[in-house]
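Notes to accompany the following structure.
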Amino acid sequence: MNKLSCILVAMAALCAVSVSVHAEEIPRNAVVVTATRTAQTADETLASVTVITRADIERRQAQSVADLLRGEPGLSIINNGGAGKATQILMRGAESDHVLVLIDGVKIGSATLGTAQFQDIPLAQIERIEIVRGPRSSLYGSEAIGGVIQIFTRKGGGPVKPYLSLGAGSHNTYDGLVGVSGGGDRGWFNASTSHFGTQGINACDGKPSPGGAGCFTIEPDRDGYRNTAGHMRGGYRFDNGTEMELNWLRGKGDNQFDGGSTNNSKTLQEVMGGKLQSTPGGPWQGTLSLGRNRDEGDNFKEGNFFSRFNTRRDTDSLQNDFAIGTTQLLTLAADYQSDRVASTTNYPVTSRNNRGFLGQYQGTFSALNVETSVRRDDNEQFGAHDTYGLAGGMAVGGGLRLTLSYGTAYKAPTFNELYFPGFGNPNLQPEESKSTEIGLRGTYAGGHWSLNAFETKVDNLIAFDASINAAANVESARLRGAEAKIGSSLAGWDIDAGFAWLDPENRASGANNGKLLPRRAQQTLRVDADRRYGRLRAGTTVRAEDHRYDDVANTRRLGGYATLDLRAEYAFTKAWRAQARVENLLDKDYETAAFFNQPGRSF
């Protein structure tokens, strides 16, 4: 039996053990809230926005957040060895800690690392994801240099419905989900629990000291991962229009990996939030939001405790939206953020607060749309920092819309950058950026397309400075790029395609001036194609990425690659269906970070 026959047989076998409920289709032009902190349709927003719905998640049969987002224009995914391993997302060439991440409006991320732990966010509990490209510090404060990713958990509503999903696959992978949703006309609730486990692959082919690289060890074994998660979200709309909502998401991970000092970590990701929205009078709508994110990790070496890094982020927000007629909106908001660190590593400073105040104006004047925003952040360590944004859009005829925007952003140093032993520098200053973008989008019978070009200049980039043996504001960068997306129906196939070109130039003085920033591919492509044949639906995903370099000197080259995935599903009834997927059909060997392996052909 040849390889193709084996694959087809495996797909048929997997269909017998993987079942899930049928998802109702959600309109493509869904309402988004991340780009302006107010409700807009995707067509109305002046930013470059992508919305991934629950229907998209189930159609693509994604296994993780990284799997779902890989290949989206403007996003680079860096993974250290498969499921559950450290995963970073770089947006438009900016650093991984230049992406602001929210879950149900609550800002998440490690105060020590400065990044969100995407690998530990359970995909089974996600309703939709909004990706907003470009600076958003004038709305959200620190971190939003490259853009914002907001994840919304399952909401519920309508009649009470249970749901179930079971799956199994290569590398002794298994997953299960059980939940219930409902709430009636005014209320909504959703509660679920899930578990994911895999024996994994050998995460790293490193080199031990001296002259170590990668994971600084040789451990040729399988590196497994398990994640158990729970989720609840519920709310109610009262007679006077007031809405109240509570949300909770908790995931516990057990991750094995290759490492010189540690090779196992037990993690906790927890997000809690509450929101009260009211219209006290006339055109005024007020929203009070409270949230907490816990990012915790215990690290072990061969079962022996080694270190602990626990961080807590509390956020409060009071937002007031004032409608001026039917075509203008004024937003005034005050935000508060408190970060706390508890660790076995000695940090001289373990807490800091930030207060932010912002104003935003949105107006529509015939074919012209205008947005402007300004924000002041008062950081306990770095004092006042001002950012602003300006955007305009105009319908130019023939279904075309032209947009132009300019914005500034900044990123406060993390606790690791300031105080971690052997690396930190308490004299660091915030990183700063200025961005310009122009876009054109259009619609036609059965399809839509968009094209965006941008340039971002980042100053005071933080990097390790060998001359002082510590982190320093020693670098600057110029990020230029263009992104194109098209969605269409062709010969019965529904096609979504995205292409991105990026020139991430290092502008630091010295030998590395003019070289490419590490781990950024200059060209990426993703094509999704799906077709329905009665109860059967088949699809494919093609991803391709150009070569990249793993070091600032551009001496360690990681080759480009292309992968092909196949998927199929059969609907037995309106409620039940079976799915199967082959990932990396051609068994391409590739790396997104040097020495860290990626899964080969998987079922």
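As a basis for the values below, the full set of heavy atoms in this structure was taken, side chains included, without hydrogen atoms, waters or symmetry mates. Note that the coordinates shown come from a computational prediction; the quantities given were computed from them, not determined experimentally.
- Using a 4.5 Å heavy-atom threshold, the side chains of Leu68 and Ile129 count as touching.
- Side chains of Arg37 and Ser317: a donor on one and an acceptor on the other come within 3.5 Å.
- With respect to Arg375 and Asp335, a salt bridge is recorded, a charged nitrogen being found less than 4.0 Å from a carboxylate O.
- Here the CD1 atom belonging to Ile151 is positioned 9.0 Å from the CG atom belonging to Leu249, to the nearest 0.5 angstrom.
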Report the C-alpha separation of Leu418 and Leu428 in whole Å, then their side-chain angles, then the decisive distance to 0.1 Å, and conclude whether the side chain to side chain contact (heavy atoms under 4.5 Å, CB included) test is met. CA-CA 7 Å; Leu418 291 166; Leu428 291 174; 4.1 Å; yes

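- Rounded to the nearest 0.5 angstrom, Asp258 CG and Phe596 CZ are separated by 8.0 Å.
- A tilted orientation is assigned to the rings of Phe415 and Tyr419, their planes being inclined by 30° to 60°.
- Between the side chains of Thr38 and Gln362, at least one donor N or O sits under 3.5 Å from an acceptor N or O.
- The side chain to side chain donor-acceptor pair (under 3.5 Å) test applied to Ser289 returns no partner, not counting sequence neighbours.
- Contact check for Ser435 versus Phe454: no side-chain heavy atoms found under the 4.5 Å cut-off.
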Gln269 and Asn293: CA distance, side-chain angles, deciding distance, side chain to side chain contact (heavy atoms under 4.5 Å, CB included) verdict: CA-CA 7 Å; Gln269 287 292 318; Asn293 172 224; 4.0 Å; yes

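- Salt-bridge annotation for Glu72 and Lys485: present, with a side-chain N of the basic residue lying under 4.0 Å from a carboxylate O of the acidic one.
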Run Asp503 and Arg478 through salt bridge (Lys or Arg N to Asp or Glu O under 4.0 Å) and show every step you take. CA-CA 8 Å; Asp503 181 20; Arg478 186 202 65 197; 3.0 Å; yes

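- Other residues, nucleotides and ligands contribute at most 12 non-hydrogen atoms within 6.0 Å of the NZ atom of Lys207.
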Name every donor-acceptor pair, under 3.5 Å, that has one atom in a side chain of residues 80-90 and the other anywhere in the protein, sequence neighbours excluded.
from  : atom 1 : to     : atom 2 : distance (Å)
Lys85 : NZ     : Ala83  : O      : 3.0
Lys85 : NZ     : Asp223 : O      : 3.0
Lys85 : NZ     : Asn255 : OD1    : 3.1
Lys85 : NZ     : Gln256 : O      : 3.2
Thr87 : OG1    : Asn79  : ND2    : 3.1
Thr87 : OG1    : Lys85  : O      : 2.9

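- Considering OG1 of Thr387 and CG of Asp377, their distance stands at 6.0 Å, rounded to 0.5 Å.
- Here the closest non-hydrogen pair linking Val33 and Tyr140 is O-OH, 4.2 Å.
- In this structure, Arg128 is positioned above the aromatic face of Phe152, its NZ or CZ under 6.0 Å from the six-membered ring centre and within 45° of the axis.
- In this view, Arg401 and Leu46, Asn369, Arg441 satisfy the side-chain contact (heavy atoms from CB on, under 4.5 Å) rule, not counting sequence neighbours.
- The side-chain heavy atoms of Ile126 and Ile121, taken from C-beta on, include a pair separated by under 4.5 Å.
- You'll find the side chain of Thr34 stays beyond 4.5 Å of the side chain of Arg136, heavy atoms only.
- For the salt bridge (Lys or Arg N to Asp or Glu O under 4.0 Å) condition, the pairs that include at least one residue of residues 409-430, sequence neighbours left out, are Asp97-Lys411.
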Can you list the steps and then say if Phe595 with Cys215 is a side chain to side chain contact (heavy atoms under 4.5 Å, CB included)? CA-CA 8 Å; Phe595 303 99; Cys215 47; 5.9 Å; no

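- A salt bridge between Asp67 and Arg543 is present, with a side-chain N of the basic residue lying under 4.0 Å from a carboxylate O of the acidic one.
- You'll find the side chain of Met272 stays beyond 4.5 Å of the side chain of Val106, heavy atoms only.
- Side-chain contact, Ser307 with Asn299: a donor N or O sits under 3.5 Å from an acceptor N or O.
- The line from OH of Tyr549 to CG of Leu558 is 10.0 Å long, rounded to the nearest 0.5 Å.
- Nearest approach of Glu475 to Ala508, heavy atoms of both residues: CG-CB, 3.8 Å.
- Put simply, the side chain of Gln360 gets close to the backbone of Thr36: a donor and an acceptor are under 3.5 Å apart.
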Evaluate the side chain to side chain contact (heavy atoms under 4.5 Å, CB included) criterion for residues Glu432 and His385: first the C-alpha distance (whole Å), next the side-chain angles of each, then the deciding distance (0.1 Å), finally the verdict. CA-CA 10 Å; Glu432 301 176 331; His385 206 99; 3.0 Å; yes

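- Here the options are Asp459, Leu461, Asn460, Asn506, the test is side chain to side chain contact (heavy atoms under 4.5 Å, CB included), and the partner is Ser476; only Asp459 passes.
- The CG atom of Asp295 sits 8.0 Å away from the OG1 atom of Thr267 when rounded to the nearest 0.5 Å.
- No side-chain donor from either of Asp386 and Tyr388 sits under 3.5 Å from a side-chain acceptor of the other.
- The salt bridge (Lys or Arg N to Asp or Glu O under 4.0 Å) check on Asp120 picks up nothing, with sequence neighbours excluded.
- A salt bridge is absent between Arg60 and Asp496; no separation between the charged side-chain nitrogens and carboxylate oxygens falls under 4.0 Å.
- Using a 4.5 Å cut-off on side-chain heavy atoms (C-beta onward), Leu113 and Thr115 make contact.
- Sorted by first and then second residue, the pairs that involve residues 339-348 and meet side chain to side chain donor-acceptor pair (under 3.5 Å), not counting sequence neighbours, are Arg313-Asp339, Gln337-Asp339, Ser338-Arg340, Arg340-Asn353, Tyr347-Asn416.
- Arg308 places no side-chain N or O within 3.5 Å of a backbone atom of Ala342 that could act as its donor or acceptor partner.
- At a threshold of 4.5 Å between non-hydrogen side-chain atoms, the residues Phe464 and Asn469 count as touching.
- Ionic pairing of Arg520 and Glu95 is present here: one or more N-O contacts between side-chain nitrogen and carboxylate oxygen are shorter than 4.0 angstrom.
- No side-chain donor from either of Thr592 and Arg548 sits under 3.5 Å from a side-chain acceptor of the other.
- Side chains of Ile438 and Leu402 form a contact here, defined as non-hydrogen atoms less than 4.5 Å apart.
- Screening Asp104, Asp316, Asp314 for a salt bridge (Lys or Arg N to Asp or Glu O under 4.0 Å) with Arg292, the sole residue that qualifies is Asp314.
- Going from atom CG of Asn554 over to atom CG of Asn512 covers 7.5 Å, rounded to the nearest 0.5 Å.
- Ionic pairing of Arg92 and Glu437 is present here: one or more N-O contacts between side-chain nitrogen and carboxylate oxygen are shorter than 4.0 angstrom.
- Side-chain contact check for Ser110 and Thr112: at least one donor-acceptor pair (N or O, by modelled atom type) lies under 3.5 Å.
- Note on Asp550 versus Arg519: salt bridge recorded, some NZ/NE/NH1/NH2 to OD/OE distance being below 4.0 Å.
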